[in-house]
Amino acid sequence: MRKLTLALLSGAYICLALITALLTWQNGGGVGAGAAAFLGMAGLCFAVQGVVVRVTQGSQLSAEIDTVRQAHLILAGEIEKIQAKLTEVVEQTAADALRRSEEIYTEVQMLEDVVQQIGERLEAQLAQQVHRRVEAEAETISPRQSALMNTVRSALDAGRVDLYLQAVVTLPQRRTQYYESFTRLRDETGRVLMPAEFLSVAEPGGLVAAIDNLLLFRCVQIVRRLAGQDRKVGIFCNISLASLGDEEFFPRFMEFMGANRDLAGALIFELGQAAFNARGSVELRNMAKLADLGFSFSIDKVTSLDLDFQDLARADVAFVKLSAPMLIEELEEGEGGALRFRSRPQVDALDFAALARRHGVELVAEKVESERQVVDILDLEIGLGQGHLFGEPRPIRDAVLAETEPPAEFIRAALQRRA
């Protein structure tokens with residue numbers, strides 16, 4: 001539309017200029033005057049149009065600026081309203097949060113009071129139950145057991161604890177490769193107490209940790225003494241499930257083993273199959289801590305050949321001790337004349353030891369007492385043997401025992417914790 005208007009105005013200006021030039025020429029002005037009149041009139045018209053256009057555009061621009069200014073004022077007003085609303089919302093939210101926090105704090109205090117009251121009641125009930133149980137146990141303990149308990153405590157406190165070693169030999173060479181350690185206690189008259197006797201009161205009396213402590217200390221000293229003689233011999237050191245789960249004993253135990261982790265290849269911790277199967281989460285975690293230090297485990301008192309070697313390997317069990325009489329009694333002839341075990345008929349008996357080795361577990365035939373048993377064991381390709389045939393458990397010499405005597409507070413601390 002603007003282009004059409006401009007074209008019409010331009011045509012009108014040209015017509016006006018032509019009329020002016022024609023009048024000038026008719027009035028005797030001549031051709032030159034007429035051309036000058038044409039150009040002058042055309043220039044004047046276009047100049048006037050330019051001035052009018054500028055004035056018009058300026059007015060429009062001023063109007064648009066005014067419109068923008070008013071819009072800006074309106075927008076500023078709306079922003080102020082929004083800010084005021086946000087401030088109000090924030091203040092209200094903060095007030096609500098403070099009020100809710102106070103309510104929650106009050107509720108928590110009430111809950112803590114209730115929990116404390118319940119805890120006090122439970123502690124009182126538990127104390128009463130423990131007191132009754134202690135009284136009941138005290139009544140059921142026979143005078144003989146009480147005397148035996150006192151004898152065990154006295155032997156531990158006075159250091160009347162002997163260390164016995166029994167050889168574990170390679171087969172068929174019969175060269176001593178390991179020793180198994182045993183603890184023996186002596187009463188005031190010198191009579192030797194066997195484990196079956198003193199453990200019957202040591203376990204319920206909480207003295208097993210003290211016995212394990214002493215045995216461990218002496219095993220470490222014996223291993224170091226053998227290493228000093230360039231004898232590469234390891235020791236099986238018995239440890240109880242109670243010690244593995246003792247929250248007071250085990251941190252000290254780990255600290256001591258961490259200081260002697262260079263003996264990891266020569267010190268094997270041994271526990272019975274029943275204890276191994278009865279492990280809880282605490283015992284599993286503590287065994288894993290020992291394995292992280294490089295120590296391995298051995299299982300004895302095995303009552304069945306139905307063993308899960310994968311599970312044993314995951315638990316860092318490196319040795320399994322099997323009774324020679326049980327092994328021989330389990331043997332029977334299967335189809336085709338192949339030897340089988342009754343409890344594991346799916347496995348060739350001659351491949352049983354090899355199967356264990358494939359999982360990193362070495363079998364040890366224990367309680368070997370005759371040459372005939374050795375022949376059968378060699379047929380099963382079991383490479384280690386232990387029993388009276390190769391040597392009975394013997395006490396270490398008094399001089400060596402004195403060298404392995406732990407500090408007095410080493411055992412006394414455990415006895416005081418259990419007192």
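Just so it is clear, the values below take in all heavy atoms, side chains as well, and ignore hydrogens, waters and symmetry mates.
- Salt-bridge formation is not detected for the pair Glu180/Lys367: no Lys NZ or Arg NE/NH1/NH2 atom is positioned less than 4.0 Å from an Asp or Glu carboxylate oxygen.
- Two rings, from Phe236 and Phe319, have their centers less than 6.0 Å apart.
- Taking the side chain as every heavy atom from C-beta outward, Arg191 and Arg186 never approach each other to under 4.5 Å.
- Put simply, OG1 on Thr170 and CZ on Arg175 are 5.0 Å apart, with the number rounded to the nearest 0.5 Å.
- Here the CG atom belonging to Leu331 is positioned 10.5 Å from the CE atom belonging to Met326, to the nearest 0.5 angstrom.
- Residues passing the side chain to side chain donor-acceptor pair (under 3.5 Å) test with Glu366: none are found, sequence neighbours excluded.
- Using a 4.5 Å heavy-atom threshold, the side chains of Leu322 and Phe352 count as touching.
- At least one cation-pi condition fails for Arg252 and Phe249: the charged atom is not both under 6.0 angstrom from the six-membered ring centre and inside a 45 degree cone around its axis.
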- request: Check the pair Val374 / Phe390 against side chain to side chain contact (heavy atoms under 4.5 Å, CB included), numbers first and verdict last.
  value: CA-CA 10 Å; Val374 174; Phe390 310 121; 4.0 Å; yes
task: Would you please test Leu290 and Leu244 for side chain to side chain contact (heavy atoms under 4.5 Å, CB included) and show each step?
output: CA-CA 10 Å; Leu290 286 172; Leu244 287 172; 4.2 Å; yes
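- Atom CG of Leu263 is separated from atom CD1 of Ile268 by 11.0 Å, given to the nearest 0.5 angstrom.
- Of all heavy-atom pairs spanning Leu215 and Cys237, the tightest one is CG-SG, 3.9 Å.
- Contacts of Glu330 classified as side chain to side chain donor-acceptor pair (under 3.5 Å), with partners at least two apart in sequence or in another chain: Ser343.
- Using a distance-only test at 3.5 Å, with no hydrogens or angles considered, a donor-acceptor pair links the side chain of Glu283 to the main chain of Gly280.
- Scanning for side chain to side chain donor-acceptor pair (under 3.5 Å) contacts around Arg224 gives Asn260, Asp262, with sequence neighbours left out.
- For the pair Val223 and Ala266, the tightest heavy-atom approach, listed with the atom from each and the gap, is CG1-CB, 3.7 Å.
- Proximity of a side-chain donor or acceptor of Gln166 to a complementary backbone N or O of Gly391 within less than 3.5 Å is detected.
- Looking at Asp379, its side chain never comes within 3.5 Å of a backbone N or O of Leu350 through a donor-acceptor pair.
- Counted within 6.0 Å of CD on Glu332, heavy atoms from surrounding residues, nucleotides or ligands total more than 12; the atom is thus considered enclosed.
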Stepwise side chain to side chain contact (heavy atoms under 4.5 Å, CB included) test for Leu327 and Leu305: CA-CA 8 Å; Leu327 281 170; Leu305 297 182; 4.0 Å; yes
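- Two residues are said to be in side-chain contact when any heavy atoms from C-beta on lie closer than 4.5 Å; Leu214 and Thr183 fail this criterion.
- Between Arg218 and Ile396 there is no side-chain heavy-atom pair separated by less than 4.5 Å.
- Counting heavy atoms from C-beta on, the side chains of Leu271 and Ile299 come closer than 4.5 Å.
- If you take CD on Glu188 and OG1 on Thr151, they are separated by 7.0 Å, rounding to the nearest 0.5 Å.
- Between Ala291 and Asp316, the shortest heavy-atom contact is CB-OD2, 3.1 Å.
- At least one donor-acceptor pair under 3.5 Å links the side chain of Asp212 to the backbone N or O of Ser240.
- Crowding of Arg314 atom CZ: a count of heavy atoms from other residues, nucleotides or ligands under 6.0 Å exceeding 12.
- Nearest heavy atom pair, residue Ile222 against residue Ile235, reads CG2-CD1, 3.3 Å.
- Smallest separation of non-hydrogen atoms from Arg279 and Asp311: NH2-OD2, 4.2 Å.
- In the displayed structure, Arg372 atom CZ is contacted under 6.0 Å by at most 12 heavy atoms of other residues, nucleotides or ligands.
- Taking OH of Tyr178 as the reference point, atom CD of Gln386 lies at 12.5 Å (rounded to 0.5 Å).
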- prompt: Hey, mind stepping through Arg344 and Leu355 against side chain to side chain contact (heavy atoms under 4.5 Å, CB included) and telling me if it holds?
  reply: CA-CA 12 Å; Arg344 298 198 68 165; Leu355 175 64; 4.3 Å; yes
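- The pair Arg340-Glu333 does not meet the salt-bridge criterion, since no charged nitrogen lies less than 4.0 angstrom from a carboxylate oxygen.
- Using a 4.5 Å cut-off on side-chain heavy atoms (C-beta onward), Leu312 and His359 make no contact.
- You'll find the side chain of Asn238 reaches within 4.5 Å of the side chain of Asp300, heavy atoms only.
- Remark: the backbone N or O of Thr303 is paired with a side-chain donor or acceptor of Gln273 at under 3.5 angstrom.
- Taking both residues in full, the closest heavy atoms of Leu293 and Ala264 are given as O-CB, 3.9 Å, listed atom of the first, atom of the second, then distance.
- A distance of 6.0 Å or more separates the ring centres of Phe253 and Phe256.
- Here the CZ-CZ distance, from Phe309 to Arg357, works out to 10.5 Å after rounding to the nearest 0.5 Å.
- Annotation: side chain of Arg285 is in contact with side chain of Lys289 (closest heavy-atom distance under 4.5 Å).
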message: Run Asp187 and Thr189 through side-chain hydrogen bond (donor to acceptor under 3.5 Å, both in side chains) and show every step you take.
response: CA-CA 5 Å; Asp187 63 13; Thr189 64; 2.7 Å; yes
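- Counting non-hydrogen atoms of neighbouring residues, nucleotides and ligands closer than 6.0 angstrom, the CD atom of Gln173 exceeds 12 such neighbours.
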